[in-house]
Number of protein chains: 2
Amino acid sequence: MNLSELAAHLNLSVTTVSRVLAGSPEKYRISEATTKRVVEAAQKYHAAPNPLGLGLRKGQTGMIGLLVPDITNPFFAQLAREIERELRKSDKAVLLFDSGEDVKIERKLLRDMISRRLDGFILAPVGVDTEELRFAVKNENLPVVLMDRLISGVDCTSVSLDNFDAGYKAAHYLIQKGHQRIGCLRGDSRTAVDADRYNGVVAAICEAGLNVDESIVAGKGYSLVDGVEASRRILSNVNKPSGVITLNGQGIIALMNVLHDYGVSVPEEISIVAFDDQPWSKFSSPAITTIAQPIGKMARMAVEIIGSREKESKIFKAELIERASVAEVDVEYT
Amino acid sequence: MNLSELAAHLNLSVTTVSRVLAGSPEKYRISEATTKRVVEAAQKYHAAPNPLGLGLRKGQTGMIGLLVPDITNPFFAQLAREIERELRKSDKAVLLFDSGEDVKIERKLLRDMISRRLDGFILAPVGVDTEELRFAVKNENLPVVLMDRLISGVDCTSVSLDNFDAGYKAAHYLIQKGHQRIGCLRGDSRTAVDADRYNGVVAAICEAGLNVDESIVAGKGYSLVDGVEASRRILSNVNKPSGVITLNGQGIIALMNVLHDYGVSVPEEISIVAFDDQPWSKFSSPAITTIAQPIGKMARMAVEIIGSREKESKIFKAELIERASVAEVDVEYT
DNA sequence: TTTGTTTGCACAAACGTTAATCCTAAGTTT
DNA sequence: AAACTTAGGATTAACGTTTGTGCAAACAAA
């Protein structure tokens, strides 16, 4: 039911009803009696202000747009859930857009998002620099937060992971456990996320005085098929790695299956450190040692930035969760 | 940019601009020249009708609400993706609501959804009959489609799976492969989805003249923890099943890990049929034989029903995808 | 009684559209 | 030339809010 319908029903003006329901009856000197009458009738008839009228008047929609490359990817699903949960506290709703890792579709969606006059945007782009992305970001008046795959050169408030540090931590941990031959299952090396993480891995390896063998490094995309293919390439190497780091969430699924396929036991023959904690990681056998992103914290920060229209980017540190997929090996002295 | 701003810029009335951009210039006798002028300027300045004004005028928001129990669950994530993709074709957007399997939150969300005056609702409820759900559904004028966990007694257009048939198919397949001792990993047995599937399983078992051993049937919820616990119960039985059916998507993840933990090999020692095809099911080792829901088709049907305001419910049949997790066993004659 | 001060609410405008109606200048017919 | 048609738009109202202002009644003060 409308405010106007309710007002007619109560023989009051829409103004009065609106003022009561907006929560400031005393400010406008609405009597106790009237206030009570309105509130009770509103409850009874499920009356609430029409968001379109309200939005038109106030210039805001009460919605923020969330763009992800693939909601089917557990990382983005978790992100979406946390963002929705947080936004709900300020009575905002989430408009979901899924580009399917397709840059052309992403462009279209960005245009659509903008034309919908949302109150803010949380964008996890495919990872490619497009005109639409720049346009969306440059829209000075609207709060935009970039997440996950940041675009170098596109200047925008962002919430992200210190990917270099995360990669470094993963490799450093393996090295500390005695591993000297470290393989790496990458995603799309053209995206900054992947490159940064890999650079961190390389840095740790070099720092330890070891060298990087690119024949046990593979990957060309974030899909499961890509992951499986890369895993096979890594494992079919005559000189197998003693530890493998999967640089993205899908990677671990691919790798585990290929490992099982090849009859390689974890962590006895090969140790694994995976990026992105999955719901099942701790139930897996062996439980997976993980570089976990603080998804909840990042989501909350993104929402806070949107709400407060801050302009400062935040970088979070990943956390290494020790579980059972990494074995300690004796260091071979060469 | 607004239509009114654009109109002012072009020294035209808002009406004219609106009519050109709405795509019916000839119907209102707008000259070719003017039409062209408007179209070009609109492109140049990224001008588009404000959806709030438009919505207010037309009485629709161009958005439909999607309510799921858990977007992190791959089934609902896939559903969301397909629904969004389909809705996009008619320029509608998806407002996402995630109840987190919590009935109280679901109630609140339903109220919020209704007050947002959306053009339609696609609801995958937690599975419990609530007043709010009934209210949302009874809202005669708005198109509502129920999916997945239907509520018996709540009369509403729905798109669902023939769950009995699906359960029957799973069990029948195992029996056909010679299995006589069939275990079952259930979800929440109070929900109709789970009960129907289980009844299908029971029917197939009884039809084959075998009997159901409830000591290898377990499950009390849809979460991963529930799944792990139930899997342990089933596998710790002294007399292990020769085949296990997991009645929901999370189940297979739990079961596989527990199996690996117990050192049971699939399909040599135990065969598995899983509900809900997962992206990794075919890459798994062994690849998982699956009872797959036609998620894409179901999503498209839901969107079609919403669009056409049909009232007829549709029931889809699950498809059995034969892969490698079921072994043929010799039938023991008793 | 007149003037001033509250109290309690209604009225009007504006947000941006669109659909129905109306207006004006030009061209066409008689 | 007068009357009629047509082209090409502009005006107006309405969708449902909220906010600034207005205005009557009641009450107090002088």
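Below, chain A is the first sequence line, B the second, and so on; all start at residue 1.
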Colleague: Using atom OH of B:Tyr28 as one end and atom P of D:dT11 as the other, report the distance to the nearest whole Å.
Modeller: 18 Å

Colleague: Sort and list the pairs that fulfil salt bridge (charged side-chain N to carboxylate O under 4.0 Å, His left out) and have at least one residue in residues 39-51 of chain B, not counting sequence neighbours.
Modeller: none

Colleague: Just the rounded figure in Å: distance from P of C:dA19 to CD1 of B:Ile30.
Modeller: 13 Å

Colleague: Mind checking what makes side-chain hydrogen bond (donor to acceptor under 3.5 Å, both in side chains) contact with A:Asn73, not counting sequence neighbours?
Modeller: none

Colleague: Can you name the side-chain hydrogen bond (donor to acceptor under 3.5 Å, both in side chains) partners of B:Glu82, sequence neighbours left out?
Modeller: none

Colleague: Can you label the angle between the B:Phe135 ring and the A:His46 ring as parallel, tilted or perpendicular, going by 30° and 60°?
Modeller: parallel

Colleague: Atom CG of A:Asn2 and atom P of D:dC15: how far apart are they, to the nearest Å?
Modeller: 9 Å

Colleague: Round to the nearest Å and state the distance from A:Gln60 atom CD to C:dC15 atom C1'.
Modeller: 13 Å

Colleague: Whole Å only: how far is the CG atom of B:Leu56 from the C1' atom of C:dA19?
Modeller: 14 Å

Colleague: Which ones in residues 11-21 of chain A lie close to DNA chain D, meaning a heavy atom under 4.0 Å from one of its atoms?
Modeller: A:Thr15, A:Ser18, A:Arg19

Colleague: In whole Å, I'd like the distance from the CG atom of A:Leu10 to the P atom of C:dG8.
Modeller: 18 Å

Colleague: Would you indicate whether the side-chain heavy atoms of B:Leu52 and B:Leu56 approach each other to under 4.5 Å?
Modeller: no

Colleague: With sequence neighbours excluded, tell me which residues meet salt bridge (Lys or Arg N to Asp or Glu O under 4.0 Å) with B:Asp162.
Modeller: B:Lys317

Colleague: Could you list by number each residue of residues 31-55 of chain A showing a heavy-atom separation from DNA chain C of less than 4.0 Å, or answer none if no residue does?
Modeller: A:Ser31, A:Thr34

Colleague: What residues form a salt bridge (Lys or Arg N to Asp or Glu O under 4.0 Å) with A:Glu106, not counting sequence neighbours?
Modeller: none

Colleague: Name the pairs: protein N/O against N/O of nucleotides 22-24 of chain C, kept only if under 3.5 Å.
Modeller:
none

Colleague: Considering only residues two or more places apart or on different chains, which pairs with a residue in residues 146-156 of chain B satisfy salt bridge (charged side-chain N to carboxylate O under 4.0 Å, His left out)?
Modeller: B:Glu101-B:Arg149

Colleague: Can you pull the salt bridge (charged side-chain N to carboxylate O under 4.0 Å, His left out) pairs that have at least one residue in residues 107-130 of chain B, sequence neighbours excluded?
Modeller: B:Lys92-B:Asp119, B:Arg107-B:Glu132, B:Arg111-B:Glu132, B:Asp112-B:Arg116, B:Asp129-B:Arg134

Colleague: Starting at CD of B:Glu26 and ending at P of D:dT6, how long is that distance when rounded to a whole Å?
Modeller: 18 Å

Colleague: Which pairs with one or both residues in residues 1-15 of chain B pass salt bridge (charged side-chain N to carboxylate O under 4.0 Å, His left out), sequence neighbours excluded?
Modeller: none

Colleague: Checking A:Gln293 now: which residues fulfil side-chain hydrogen bond (donor to acceptor under 3.5 Å, both in side chains) with it, not counting sequence neighbours?
Modeller: A:Asp276

Colleague: Nearest whole angstrom, please: distance from the P of D:dG16 to the CZ of B:Arg116.
Modeller: 18 Å

